[in-house]
Amino acid sequence: QTQELGDHLVVQGGTFKNLAVVRALELLTGKDVRFSDIPELMGAYGCALYAMEQPVTKILAIDDLLSIQQFQTEQQICPGCPNHCTVVQYKFSNGNCYYTGNNCEKIFCNAAEGHKKGKNQHHERLKLLYYRPIIHPQDSRLTIGIPRSLGMFEMYPFWHALFRECGIATVLSGPSTVQQYEKGLHTVMSENICFPAKLMHGHVYDLARQKVDRIFYPFIVMEAKADEKVRNSYNCPIVAGYSDVMKNAIDTQERFGIPFDAPVVSLNNEEFLKASCTEYLKTLGIDKITASRAIETAKKAQQEFIFEQHRRAKEIVREARKDRRMVVVLAGRPYHSDPLIQHKISDVLADMGIDVVTEFVADDNDADVYKELVAVTQWTYPNRIFKAAHYVANSTDNVHFMMITSFGCGPDAFIIDETHDILDRKGKSFTLLKVDDVNNIGSLKLRIRSMVESLQFSKKVSVFKPFVTTP
């Protein structure tokens, strides 16, 4: 697709002082590439040219500018959340301060006074997901520990309501932290597994520390179908079967005397769902009538959770259009709402005054995207991402798309290409953010800010392209 670049390529940046890189670009594109003899300074020239176009508010002499550059540094630990970021404060001689190292701007903020933050549906989603009425362990027949990990970022409302209706107390593991992750790291059996899976080990240790009676994480092969137009509704193999890994890697029964329950459940078949839940609850001493009532309550709780996410996403977009605010659909797997996994990318966007919504912004009309896919629509979470991309592709210019993917995710290899094509056909940009357990997100922040700036100043005319299937 080099035709999109045009016939005359001009490059900038220190990388292009390496002539081998320039030549490689020429060979790959078949184009003549031109560059300055000082490509590393082009960004500075651009800043100067941009400054010249702005209205003059104050004139400073060179000596005054140089004096401002005198600064002192002070290192602090941010108390705003369990991540405990190491923040460096730069104090300049004119009294201004600047902070680096903070993954969000909850405590240490560089925004101008009066700056309005954007809405963050990922934060709202976590509250909607986990802030639920509980039964005190002393008032229950037993306590079941649930790891705040993987599939529970989607299905916790169901399991919470199921157990609560049966008089069973549910105990969640604590929010993800680096310290918690490191406690379980020695039991991770594969280095190339994704970070969200590695993180679950720490959550299981946290539940053992809380001395729950049992730990629960079901084996769910099939998710519920979001609509009838999809081919199937398979779960991610890691999300589905990681309970078996945990039982072998940690063996909570042997180490802590705590059984690890992993009943096989399928969410796409009502009869099998009821049968498997009833059978499991029977092992906990729950009679069939109580189990049946609990299953219906759990299904209702899950439906309300899904409905509220759709409703809230639409509401945020509607208000943003009225106020002419930028909206970013930050799509990914359900567990990408975990602040540690996503490295607070949603906070970075919200701190820039951008409203952030999840992939639940898509509705039934966006199922038309399935007609334009090369991939088979057999994975529940990817299907949701496809619909969200289709929604953005057919939306107004203030709605844009970003996708989070974790290193080591196999299915995302083809999902990324499909998502890019959905957006590209309607002239919308696709921004991919790869995350893992590395806590330094400076490069991600730079990528996000560059994308936002390019969208704000872009005068690109969209060119629609037809869908072309494979031979």
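For clarity, every value in this text was computed on a predicted model and none was experimentally measured. Each residue takes its place number in the sequence, starting with 1.
When the ring-ring contact (aromatic ring centres under 6.0 Å, His included) test is applied to Tyr234, no partner is found at least two apart in sequence or on another chain. With sequence neighbours excluded, the residues satisfying ring-ring contact (aromatic ring centres under 6.0 Å, His included) with His310 are Phe360. Residues meeting the side chain to side chain donor-acceptor pair (under 3.5 Å) test with Tyr242, sequence neighbours left out: His201. In this view, Glu308 and Arg311 satisfy the side chain to side chain donor-acceptor pair (under 3.5 Å) rule, not counting sequence neighbours. For Arg318, the side chain to side chain contact (heavy atoms under 4.5 Å, CB included) partners are Lys314, Glu315, not counting sequence neighbours.
Looking at Gln76 and Tyr99, their side chains never bring a donor and an acceptor atom within 3.5 Å of each other.
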- Item | Steps toward side-chain contact (heavy atoms from CB on, under 4.5 Å) verdict (Glu319, Arg325) | CA-CA 8 Å; Glu319 292 175 354; Arg325 294 165 61 86; over 6 Å; no

- Between Met402 and Met451, is a side-chain contact (heavy atoms from CB on, under 4.5 Å) present by the stated rule, with each step listed? CA-CA 10 Å; Met402 287 186 181; Met451 187 280 295; 2.4 Å; yes

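In this structure the side chain of Tyr217 reaches within 4.5 angstrom of the side chain of Leu150, judged on heavy atoms. At least one side-chain heavy atom of Arg321 sits less than 4.5 Å from a side-chain heavy atom of Ser395.
Atoms NZ and CG, on Lys344 and Asn120 in that order, are 10.5 Å from each other to the nearest 0.5 Å.
Nearest approach of Val356 to Ser346, heavy atoms of both residues: CG2-O, 3.8 Å. The shortest non-hydrogen separation linking Arg125 to Pro334 is NH1-O, 3.5 Å. Contact record, Ser176 with Arg148: OG-O, 4.4 Å, taken as the closest heavy-atom pair. Nearest approach of Asn268 to Ser233, heavy atoms of both residues: CB-OG, 3.7 Å. The nearest pair of heavy atoms linking Pro175 to His203 is C-CE1, 4.4 Å.
Using the six-membered ring where Trp is involved, Phe163 and Phe216 have ring planes that are perpendicular, over 60° apart on the 30 and 60° scheme. Ring-plane geometry between Tyr181 and Phe195 is classed as perpendicular, the angle between the planes exceeding 60 degrees on a 0 to 90 degree scale with a lower cut at 30. Taking the six-membered ring where the residue is Trp, Phe430 and His420 present perpendicular rings, their angle passing 60° and hence far from 30°.
By the neighbour-count criterion of 12 heavy atoms within 6.0 Å, atom NZ of Lys274 is sparsely surrounded, having that number or fewer from other residues, nucleotides or ligands. Enclosure of atom CD in Glu191 is not indicated, since only 12 or fewer non-hydrogen atoms of other residues, nucleotides or ligands lie within 6.0 angstrom.
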Quiz: residues 404-411 side-chain donor-acceptor pairs under 3.5 angstrom, not counting sequence neighbours:
unit_1, atom_1, unit_2, atom_2, d
Thr405, OG1, Asp412, OD2, 2.4
Ser406, OG, His336, NE2, 2.9

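Ring to ring, Phe305 and Phe158 are not that close: their centroids are 6.0 angstrom or more apart.
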